[in-house]
S.K.: 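This is the structure I have questions about; it appears just below.
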2 protein chains.
Amino acid sequence: MADKRADKVTITEVAKLAGVSTATAGRVLGGYGYTSEENKEKVRRSAEALGYRPNLLARSLITGKTKTIGVVAGDIQSPFYASILRGIADVARAQGFGVLLTNSDELLDREIEAVQLLLEKQIDGLIVAPCDTSGSQHLHAAAASGCPIVQIDRRVNGLSADSVTLDNCGAASDSITQLLAAGHRRIGMVAELERWEFGDMETFIDRVIEGSIDPASLFPSWQRLFGYIEAHRAAGLLIDRNLIGRVGTYSVKAARTATMELLSRPNRPTALFTADGLMSAVAMDAITSLDLQIPTDLSLICFDDLDWMSFLKPGITAIAQPLTEMGEASARLILARIGGEGGEEQHQVLKHTLALRGSVMAPQAGRA
Amino acid sequence: MADKRADKVTITEVAKLAGVSTATAGRVLGGYGYTSEENKEKVRRSAEALGYRPNLLARSLITGKTKTIGVVAGDIQSPFYASILRGIADVARAQGFGVLLTNSDELLDREIEAVQLLLEKQIDGLIVAPCDTSGSQHLHAAAASGCPIVQIDRRVNGLSADSVTLDNCGAASDSITQLLAAGHRRIGMVAELERWEFGDMETFIDRVIEGSIDPASLFPSWQRLFGYIEAHRAAGLLIDRNLIGRVGTYSVKAARTATMELLSRPNRPTALFTADGLMSAVAMDAITSLDLQIPTDLSLICFDDLDWMSFLKPGITAIAQPLTEMGEASARLILARIGGEGGEEQHQVLKHTLALRGSVMAPQAGRA
DNA sequence: TTCTATTGTGAGAACGTTCGCACAATCGGA
DNA sequence: TCCGATTGTGCGAACGTTCTCACAATAGAA
């Protein structure tokens with residue numbers, strides 16, 4: 001009980017027992033170079049006998065490869081990141097890679113700190129959901145120092161790194177079009193819409209309509225608003241700014257306030273579009289507490305298909321993101337780069353699927 | 001573009017630029033030993049100028065500590081593991097530790113493979129939800145080789161390692177008692193109940209009643225059944241074996257079959273107890289499709305408090321596990337062991353909370 | 001003065017691998 | 001016979017740190 005680690009069996013001891021040099025033992029165990037069948041057997045047997053376990057640190061130090069990819073997620077606890085992570089981990093495992101996980105809580109400082117730690121641990125590649133799409137010096141620096149990066153869910157402006165995102169505009173626009181087709185003209189939307197660096201929301205709406213914004217540079221919730229606006233424009237309808245609940249922060253409380261405000265006003269919307277899972281859960285809660293019936297009092301389409309949406313009384317029509325696929329795609333991209341694959345920056349934009357259920361119907365008489 | 005890594009700035013170069021030995025530079029940057037203020041300044045400035053970033057691999061190789069803890073979860077995608085992982089990651093981060101993640105899908109082979117990889121990567125400690133509670137040679141070996149282990153959710157028999165679990169018996173027994181108190185006498189239960197090595201379910205029930213089973217050695221779903229039986233026994237009631245839906249495997253399909261079978265039989269139970277999140281979701285789905293009303297047609301208590309349970313029409317009464325706390329506790333335990341803390345094996349058994357909502361009422365006339 | 005403690009420095013050996021190199025032995029073909 | 005290719009081996013130098021020494025300089029105490 002005196003010594004803490006009985007772990008100490010190195011390749012040297014294996015070599016000694018097998019009666020060969022460490023180089024030969026290394027060749028057998030590492031699977032590189034030539035070795036005679038005879039020695040192969042001897043070394044393997046000795047390794048077995050001693051319970052030899054290679055020290056990947058030492059190997060990595062010399063090869064410069066750790067076979068580890070770092071992941072900076074927002075919050076693993078959310079189904080969104082959990083599913084993505086699952087996809088990443090599966091692909092990584094299949095290639096013998098480990099996954100070093102951190103979460104940023106969408107806080108820049110924490111992201112910087114996390115990236116720092118991961119780089120010091122010499123990860124071979126980084127998958128990150130960046131929380132600041134404009135600055136992010138740390139990511140530029142990491143990329144410049146040669147660490148492959150794959151961005152997920154959103155993209156940093158001007159960062160030369162691959163990305164995997166969802167066609168948020170298309171998904172939102174699809175849903176809104178669906179509601180418009182059902183006859184709705186007053187469609188509410190609740191979304192985070194935290195920061196937009198170029199001005200207030202009026203400006204944003206105007207600029208989308210005049211076509212001077214590239215959605216690729218936006219945060220998801222803004223992209224979804226973009227889709228909302230686009231769908232209206234395509235239908236030749238004006239936007240009523242009051243129907244857009246801008247929560248401003250990713251919190252249950254703020255979301256609840258915004259949603260309740262939107263749904264309890266005298267001339268409330270006939271349909272609601274929630275821009276992410278948090279908003280959907282809050283909205284559902286608000287709808288229940290206001291005693292509104294879906295879809296008679298209110299039609300509803302939610303971004304993110306959560307498990308409960310399928311077994312509510314009328315099921316909730318929802319936009320399903322291919323989350324594990326996004327994770328898998330990002331892992332494949334990063335592994336390809338690690339494997340030395342060159343070529344153009346890759347920007348994969350995945351498509352949603354719309355799970356049609358029972359939460360949409362035409363607006364009821366006297367309320368349309 | 002020719003060289004892949006511009007990363008190459010080592011402590012030697014920093015030392016050279018500062019005009020000191022690598023030993024001195026190491027002392028400044030590593031924060032050990034003595035250095036003059038003057039040299040401290042010079043070294044720091046040089047490090048800054050060169051953009052020096054320590055290589056933790058090299059440090060770990062020599063110190064024997066990686067400041068990394070390995071985690072083997074069942075499936076990160078499930079809210080159960082996701083929340084636990086969140087707790088682990090938070091505590092780890094606060095201490096400057098990284099988290100290396102793998103999932104086993106509750107498959108022994110995969111768990112063995114994962115543990116192997118983690119050990120080769122020289123993790124300082126291992127947090128694992130073991131999928132085999134009886135054999136698990138790999139865990140015994142790991143423990144023997146000096147790697148601290150914390151078991152989570154369940155315990156391997158005879159493995160000397162700390163653990164963090166939930167009082168599953170107590171939680172189940174509480175819920176069943178609640179239902180019995182409401183007047184229910186035919187309480188159904190659906191649970192995984194995959195393997196029990198000592199015989200069939202009759203035997204299990206008998207042995208629980210005669211008191212010859214130590215619940216600590218059981219898998220959670222069996223512990224929950226244990227609680228179910230205990231509560232009945234305490235109330236002086238016999239167990240109707242037909243009310244126990246043994247799914248046998250952790251799959252939606254099997255769960256659905258078992259649940260539908262249980263709920264559609266002529267003399268169906270007046271109350272239902274679901275033993276985990278999967279069973280709850282499936283049960284909810286089955287209840288909806290059978291067009292049963294909660295709580296008039298059926299009372300319901302679920303193990304695991306999922307977000308949707310609070311905003312269904314009548315809320316679902318549920319057992320909430322303190323998941324992030326379990327993660328935090330396990331991380332604290334492992335860090336303490338890594339820090340060299342000796343002493344007795346620790347087995348923390350956390351308590352559930354029962355979230356009372358509207359899914360329980362007295363059985364209705366003609367059905368009791 | 002002389003001793004001991006404190007503070008500081010650098011050379012060089014770890015840590016456990018992989019890798020370059022030199023060197024052999026064997027084989028087949030010209 | 002000689003040659004080159006193929007297969008196999010061991011020595012020792014990496015990799016980028018930390019850590020053990022040996023050794024100084026200074027200061028205060030005896």
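The basis for the numbers below is simple: all heavy atoms, side chains too, and nothing from hydrogens, waters or symmetry mates. Letters A, B, ... mirror the listed sequences (proteins, then strands); counts begin at 1.
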S.K.: Output all residues satisfying side-chain hydrogen bond (donor to acceptor under 3.5 Å, both in side chains) with A:Asn157, sequence neighbours left out; order by chain, then residue number.
M.R.: none
S.K.: Residues of residues 29-49 of chain A with any non-hydrogen atom less than 4.0 angstrom from an atom of DNA chain D: list those, numerically ordered, please.
M.R.: A:Tyr34, A:Thr35, A:Ser36, A:Asn39
S.K.: Could you tell me the separation between the CG atom of A:Leu61 and the C1' atom of D:dA14, rounded to a whole number of Å?
M.R.: 9 Å
S.K.: Could you work out, with side-chain contact (heavy atoms from CB on, under 4.5 Å) as the rule, every residue matching A:Thr68, not counting sequence neighbours?
M.R.: A:Thr66, A:Leu100, A:Ile123, B:Leu100, B:Lys121
S.K.: In this structure, how many angstroms lie between the P atom of D:dT17 and the NZ atom of B:Lys67, rounded?
M.R.: 17 Å
S.K.: What pairs with B:Ser136 under side-chain hydrogen bond (donor to acceptor under 3.5 Å, both in side chains), at least two apart in sequence or on another chain?
M.R.: none
S.K.: Once side-chain contact (heavy atoms from CB on, under 4.5 Å) is applied, do any residues pair with A:Gln137, and if so which ones, sequence neighbours excluded?
M.R.: A:His140
S.K.: Kindly state each residue pair satisfying salt bridge (Lys or Arg N to Asp or Glu O under 4.0 Å) with at least one member in residues 94-105 of chain B, sequence neighbours excluded.
M.R.: A:Arg86-B:Asp105, B:Asp105-B:Arg110
S.K.: Give a yes or no answer on whether the side chain of B:Thr102 reaches the backbone of B:Val71 with a donor-acceptor pair at less than 3.5 Å.
M.R.: yes
S.K.: Step through the shown structure and confirm whether more than 12 heavy atoms of other residues, nucleotides or ligands are within 6.0 Å of CD on B:Glu48.
M.R.: no
S.K.: Could you give all pairs that pass the salt bridge (Lys or Arg N to Asp or Glu O under 4.0 Å) test and reach residues 12-35 of chain A, with sequence neighbours left out?
M.R.: none
S.K.: Give a yes or no on whether the backbone of A:Pro130 and the side-chain of A:Gln151 come within a donor-acceptor separation of less than 3.5 Å.
M.R.: no
S.K.: Sorted by first residue and then second, give each salt bridge (Lys or Arg N to Asp or Glu O under 4.0 Å) pair with at least one member in residues 139-165 of chain A; sequence neighbours left out.
M.R.: A:Glu106-A:Arg154, A:Asp162-A:Arg337
S.K.: Round to a whole Å and report the spacing from CD1 of B:Ile62 to P of D:dT18.
M.R.: 8 Å
S.K.: Do the charged groups of A:Arg45 and A:Glu41 touch, with an N to O distance under 4.0 Å?
M.R.: yes
S.K.: How would you give the extent of chain A contacts on DNA chain C, as first and last nucleotide 5' to 3' within a 4.0 Å heavy-atom cut-off?
M.R.: C:dG16 to C:dC19
S.K.: Going by side-chain contact (heavy atoms from CB on, under 4.5 Å), name the residues that satisfy it together with B:Ser83, two or more places apart in sequence or in a different chain.
M.R.: A:Gln77, B:Leu323, B:Thr324
S.K.: Through what angle, rounded to 10 degrees, does the axis of the helix from C:dT1-D:dA30 to C:dA30-D:dT1 turn between its ends, using five pairs per end?
M.R.: 50°
S.K.: Test your reading of the model: is there a side-chain donor-acceptor pair from B:Asp124 to the backbone of B:Lys67, 3.5 Å cut-off?
M.R.: yes
S.K.: Going by heavy atoms closer than 4.0 Å, what residues in residues 18-28 of chain B are next to DNA chain C?
M.R.: B:Val20, B:Ser21, B:Ala23, B:Thr24, B:Arg27
